[in-house]
Amino acid sequence: MAASQASEIGSFDYVIVGAGSAGCVLANRLSADPDMKVLLIEAGGRDNYIWIHIPIGYLYTQNNPRTDWCFKTEPEERLSGRALNYPRGRVLGGCSSINGMIYMRGQARDYDGWRQLGNRGWGWDDVLPYFKKSEDHVTGADAFHGAGGEWHVEKQRLSWEILDAFREAAAEVGIPKTDDFNRGNNEGCGYFEVNQKRGVRWNTAKAFLKPARNRINLRVLTGAEASRIRFEGKRAVAIECVHDGAPAYAEVRGELILAAGSIGSPQLLQLSGVGPAPLLEEHGIPVVHPLPGVGENLQDHLQIRVVYKVKNTKTLNESAGSLFGRMGMGIEYMLLRRGPLTMAPSQLGAFAKSDPSRETPNLEYHIQPLSLDKFGDPLHPFPAFTASVCNLRPESRGFVRIRAADLKAHPAIKPNYLSALSDRRVAADAIRLTRRICAARTMARFEPEEYLPGAEFESDEDLARAAGEIGTTIFHPVGTCKMGSDPLAVVDDRLRVQGLAGLRVIDASVMPVITSGNTNAPAIMIAEKGAAMIREDRKAGTS
């Protein structure tokens, strides 16, 4: 895109690409300095769609081009050749506008592991203050939680008999009850805490961007899809974009910050000539800087959706299946902001070990009082619940790679689920643990009957195959611009792109290893810490 053909947006100290979970935090923190001029660009639109704010509305925001990029994975060999929908937010607030709203930090060992890989300042004790900084926890401040911050964390406003029974059954098989998953070791079973405010979704656009929108030094541009980073030598000097259908560009006086997520950030780097040289050359893109790790190291959590039919209790299948049931749920929400319409996709959680040799839990359960064949299908006509379980520390690795030198061409996304033998073993063990929980005394009165995958699957090989048939993503892609100093590292531990100046990546793509839980809260923490690093480096004159 030649400068003569594009309109100039302006010149800024900081330009942030992506107004998602990380980008909104960065815009708030960096524009807090009135001497710094900040531009935030977002390909999507405003977060004024009603289904963003009603929690159950994730059903209507995912796979909806108004709010979602509508990516799909490549066909996955170990998932019976299926290509999965891969939701990523395309709206102010990004994935925090369409995700499951679950507040989960992961385990202390995750971050200590990052530090042990050579990433200074990323251990649990280092990152905990940044989790607390933005938090407004319903129980108030203590050694592990913050109060008064922008990011609301609340208890769910519902309960279900079948979920309470599952919690009791988990305790019977050795998974203790807990009321807080976010103190460093999340072992136990309890209801998830959520990012809501009195039964309404709380996204990062509300939390961080809205309070900063009136600052004269912050400009927010929606409908602006970044297309290429412009370099002078090895320094990023501008971002080119398509704004409302016309080419435009913004000059970068200080730093360009990619916060476009684990798909968008590596895609933009590759389109700009930064990435694996053979891939760039294949698509006729001049190599500005060869970095073989850009787009590699993709990690995600695969959830195995184990479904049980039950008796002698009520589940959402029946309520949602009748007109009067749906009317009742709507009235309850309108009057009280309670009930099923406040539901996150999963309500009850559990963290457990797939075998006793594990130091800390390596499984996470997302348990729901409902069932369906696949996401987007109608609920089953019989009472049932789903105990989805995922391997928190998968060894399978995939990639994100451009298909063409074309902004409009979605990249190839290949997570390679269950490609590692160890992941298939954990999948088999996870189904067996689920069966032990459902066979516990507390569950007996509900007469649970395994519907998926089915009791006929027994051997390790059969269970691993079954896991691939019923498994689906839980939407936690990370790692495609990993932090570190090894040959596949893309950014250093200050989140600066290796070998380039004036360019950082600050989003979930920088995780060297996936966290042991849901990934939205860690992405916000990364942005908090990244913003602090930028300010420190500017003060020291090293940015």
Side-chain angles (χ1 to χ4, degrees), residues 8-18 22-41 114-115 117-123 125-127 129-130 133-134 208 212 215-219 226 229-240 249-260 265 268-269 272-274 288-291 293-294 481-486 489-507 509-510 512 523-543:
E8 183 179 352
I9 298 166
S11 179
F12 301 85
D13 297 291
Y14 299 109
V15 176
I16 304 160
V17 177
C24 289
V25 176
L26 290 161
N28 180 299
R29 300 306 188 224
L30 295 178
S31 66
D33 182 344
D35 295 330
M36 294 295 115
K37 191 176 179 183
V38 180
L39 172 67
L40 175 65
I41 68 173
W114 292 5
R115 182 176 57 194
L117 290 172
N119 297 298
R120 300 161 299 173
W122 288 93
D125 291 340
D126 301 309
V127 303
Y130 293 100
K133 175 180 171 61
S134 56
F208 297 95
R215 295 173 182 168
I216 60 173
N217 63 324
L218 173 64
R219 184 173 178 187
I229 303 164
R230 192 183 299 171
F231 293 93
E232 288 184 1
K234 295 288 185 176
R235 184 172 192 86
V237 297
I239 185 72
E240 298 177 0
Y249 72 98
E251 293 183 349
V252 180
R253 294 195 296 262
E255 292 190 85
L256 175 64
I257 304 159
L258 305 189
S265 288
L268 181 57
L269 285 171
S272 305
V274 180
V288 172
H289 185 62
L291 270 181
V294 173
C481 295
K482 67 177 278 189
M483 169 173 44
S485 55
D486 61 280
V490 175
V491 299
D492 64 15
D493 54 22
R494 305 292 290 181
L495 308 183
R496 298 170 296 204
V497 176
Q498 308 269 8
L500 295 172
L503 181 61
R504 301 196 201 218
V505 180
I506 304 181
D507 56 32
S509 71
V510 305
I524 291 171
M525 177 278 293
I526 288 168
E528 283 279 22
K529 186 168 173 61
M533 287 176 166
I534 290 171
R535 292 194 300 266
E536 292 165 2
D537 291 347
R538 183 179 72 235
K539 186 176 181 180
T542 58
S543 61

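Computed from heavy atoms alone, side chains included, the values below leave out hydrogens, waters and symmetry copies. In this text, all values refer to a predicted model and were calculated from it rather than measured experimentally.
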Review point. Can you tell me how far OH of Tyr14 sits from CG of Asp33, rounded to the nearest 0.5 angstrom?
Key: 7.5 Å
**Study point:** Note, Ile9 side chain near Arg219 side chain (heavy atom, < 4.5 Å)
**Key:** yes
Check your understanding: So, does Lys37 use its side chain to make a donor-acceptor pair with the main chain of Gly10 at under 3.5 Å?
Key -> no
Check your understanding: Nearest 0.5 Å, what's the NZ-NE2 distance between Lys234 and His289?
Key -> 5.0 Å
Check your understanding: Cationic tip of Arg230 within the cone over Tyr249's six-membered ring, i.e. under 6.0 Å and within 45° of the normal?
Key -> yes
Point to revise | Under 3.5 Å: donor-acceptor pair, side chain of Asn119, backbone of Trp114 | key: yes
Check your understanding: Any side-chain heavy atom of Leu258 sitting closer than 4.5 Å to one from Val497?
Key -> no
Check your understanding: From Lys529 NZ over to Asp126 CG, what is the distance, rounded to the nearest 0.5 angstrom?
Key -> 5.5 Å
Exercise for review: Compare every heavy atom of Leu218 with every heavy atom of Ala27, then report the nearest pair and how far apart it is.
Suggested key: CB-CD1, 4.2 Å
Practice item. Search all heavy atoms of Ala236 against all heavy atoms of Gly502 and return the closest pair with its distance. Key: CB-O, 3.8 Å
Check your understanding: Roughly how far apart are Asn217 CG and Leu39 CG, rounded to 0.5 Å?
Key -> 11.5 Å
**Study point:** Flag, side chain of Gln498 to backbone of Val491, donor-acceptor distance under 3.5 Å
**Key:** yes
Practice item. Kindly give the heavy-atom pair with the smallest separation between Arg235 and Ala501, and that separation in Å. Key: NH1-CB, 3.3 Å
**Study point:** Under 3.5 Å: donor-acceptor pair, side chain of Asp507, backbone of Ala260
**Key:** yes
**Study point:** Exam field: side chain Asn28 to backbone Phe208, donor-acceptor pair closer than 3.5 Å
**Key:** yes
Practice item. Check salt bridge (Lys or Arg N to Asp or Glu O under 4.0 Å) between Arg120 and all other residues, then give those that pass, not counting sequence neighbours. Key: Asp493
Point to revise | Contact check, side chains of Val127 and Trp122, non-hydrogen atoms, under 4.5 Å | key: yes
Review point. Would you call Leu500 and Phe231 a side-chain contact if the rule is heavy atoms closer than 4.5 Å?
Key: yes
Point to revise | Euclidean distance, Met36 CE relative to Arg535 CZ, rounded to 0.5 Å | key: 12.0 Å
Point to revise | Pairwise side-chain contact, Val17 with Ile229, heavy-atom cut-off 4.5 Å (strictly under) | key: no
Review point. Given the rule in the side chain to side chain contact (heavy atoms under 4.5 Å, CB included) test, do Arg29 and Ile534 qualify, once you have shown the distances and angles that lead to the verdict?
Key: CA-CA 10 Å; Arg29 300 306 188 224; Ile534 290 171; over 6 Å; no
Point to revise | Verdict with reasoning, Cys481 to Leu269, per side chain to side chain contact (heavy atoms under 4.5 Å, CB included) | key: CA-CA 10 Å; Cys481 295; Leu269 285 171; 3.9 Å; yes
**Study point:** For Ile41 against Ala226, the heavy-atom pair lying closest together
**Key:** CD1-CB, 4.1 Å
Study note, to complete from the structure: For Arg494, the side chain to side chain contact (heavy atoms under 4.5 Å, CB included) test, sequence neighbours excluded, returns Asp492, Arg496, Arg504, Met533, Glu536, Asp537
Check your understanding: Roughly how far apart are Leu40 CG and Cys24 SG, rounded to 0.5 Å?
Key -> 6.0 Å
Study note, to complete from the structure: For Leu256 and Ile239 the tightest heavy-atom approach is CD1-CB, 4.1 Å
Check your understanding: Got Ile506 and Ile526 here, is their nearest side-chain heavy-atom distance under 4.5 Å?
Key -> yes
Practice item. Quick one: closest heavy-atom pair of Leu291 and Ala489, and the distance? Key: CD2-O, 4.1 Å
